[in-house]
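All ligand and atom numbering here is 1-based and tracks the order in the structure. Only a predicted model underlies this, so the values are computations on that prediction, with no experimental measurement involved.
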Amino acid sequence: MDGENANRIGVAILGSTGSVGRQVLDVIDALPDRFRVVALAARGRSPLFQQQVSRYRPEVAAVADQEGPDLIGAGALVTSTEGLVAAATHPEVDIVVVATSGHDAISPTIRAIELGKTIALANKETLVCAGEIIMPLAAASKTVIRPVDSEHSAIWQAIGTSSPDEISRLLLTASGGPFRTMSMAEMAGVTARQALAHPTWSMGGKITVDSATLMNKGLEVIEAHWLFGMPYDKIDVVVHPDSVVHSIVEFVDGSQIAQLGLPDMRVPIQYALTYPERLPRQGKRLDLATIGALRFEQPDEDRFPALRLARQAGLAGGTYPTVLSAADDEAVAAFLEDVIAFTDVAGIVSDVLDRHTPSGPLTLDAICAADQWARGTARDIIDSLPRS
Ligand code: MG
């Protein structure tokens with residue numbers, strides 16, 4: 001390692017071409033003396049990934065596809081799913097940013113934790129599906145899992161140095177999505193295009209639809225349970241359409257501490273990278289006087305049943321959260337292809353959960369098997385629905 005690199009924190013980005021991955025690179029670009037990109041991983045050899053590899057010249061560039069043009073500028077090119085492991089475990093990597101979608105990163109994340117690397121977690125499935133496996137491992141290897149998601153970052157920041165027995169409740173805020181005020185009948189007719197127009201956050205397609213159904217918030221409740229070791233009955237959701245208060249922690253003395261800011265993922269990303277320090281950052285600042293008022297309301301679980309389903313799956317534990325997430329994935333894909341109605345998504349997830357028979361203790365194999373089963377079952381249900 002040369003002198004210039006010795007003082008910089010080595011970063012691996014799993015999922016560097018996605019929405020979060022690109023914003024991680026924005027944050028690193030603004031702090032070139034502090035961070036160095038050691039490994040980049042993406043699903044395929046897109047022009048964007050080639051641009052990233054040429055620009056950052058990582059020690060490892062990893063792609064899932066075996067065939068395709070060479071990536072110019074990479075120290076080493078690793079193909080197949082082993083690529084994620086190579087990126088996450090490279091000896092010069094200090095922080096692994098897990099920003100892939102789906103389950104692919106669960107096993108590389110476990111490998112990185114075993115090596116004591118710091119995890120900056122932006123992937124939902126890792127804790128939703130495997131929190132029961134990952135959190136004990138992280139505790140055993142004294143690995144800190146730093147949340148990147150804005151709500152969990154807010155809770156993490158609000159908790160600060162407080163001890164667990166000082167916390168009485170976590171309050172996750174939800175924007176409520178674009179259909180917050182619609183009736184069930186109106187929601188039944190919404191299109192994929194309408195669902196993709198998120199009022200406050202700009203994100204990928206799947207997560208934007210999940211925000212509209214509130215499934216995203218349900219998955220975040222499960223993540224919060226694992227990240228902060230909170231029982232489900234002490235994790236609440238409050239709808240906050242302004243997306244300014246990113247979440248709240250209530251303490252045993254009744255005080256509530258919230259973290260506020262404009263909706264910009266680069267803020268929680270930077271904090272996850274620089275923790276425990278806070279570094280200056282350019283950008284617009286929240287101006288509460290201009291906003292004038294902040295709105296909060298109770299989530300309506302009759303119109304947004306995904307929230308209740310997620311809580312039930314979380315409480316049931318084992319492979320139930322995996323089934324929830326996989327069935328939702330298939331249902332959202334079918335909605336985005338205009339095959340099912342928006343309001344069918346939660347019903348399909350509910351049916352798949354009802355049909356699930358859990359197996360023995362939770363293992364990665366059990367998670368994969370439950371995922372495959374849930375996807376197949378969801379597709380069978382989707383195929384059996386009457387076409388409008
Ligand atoms: Mg979030």
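- For Glu132, there are no salt bridge (charged side-chain N to carboxylate O under 4.0 Å, His left out) partners at least two apart in sequence or on another chain.
- Within Glu220, the N/O/S atom positioned nearest the Mg ion (ligand 1) carries the name OE2.
- Scored by the side-chain hydrogen bond (donor to acceptor under 3.5 Å, both in side chains) test, Ser384 finds no partners at all (sequence neighbours excluded).
- Ring centers of Phe228 and Trp156: at least 6.0 Å apart, outside the cut-off.
- With salt bridges taken as basic N to acidic carboxylate O contacts below 4.0 Å, one links Arg36 and Glu59.
- Summary: OE1 is the N/O/S atom of Glu151 found nearest to the Mg ion (ligand 1).
- Take the N/O/S atoms of Asp149: the one nearest the Mg ion (ligand 1) is OD1.
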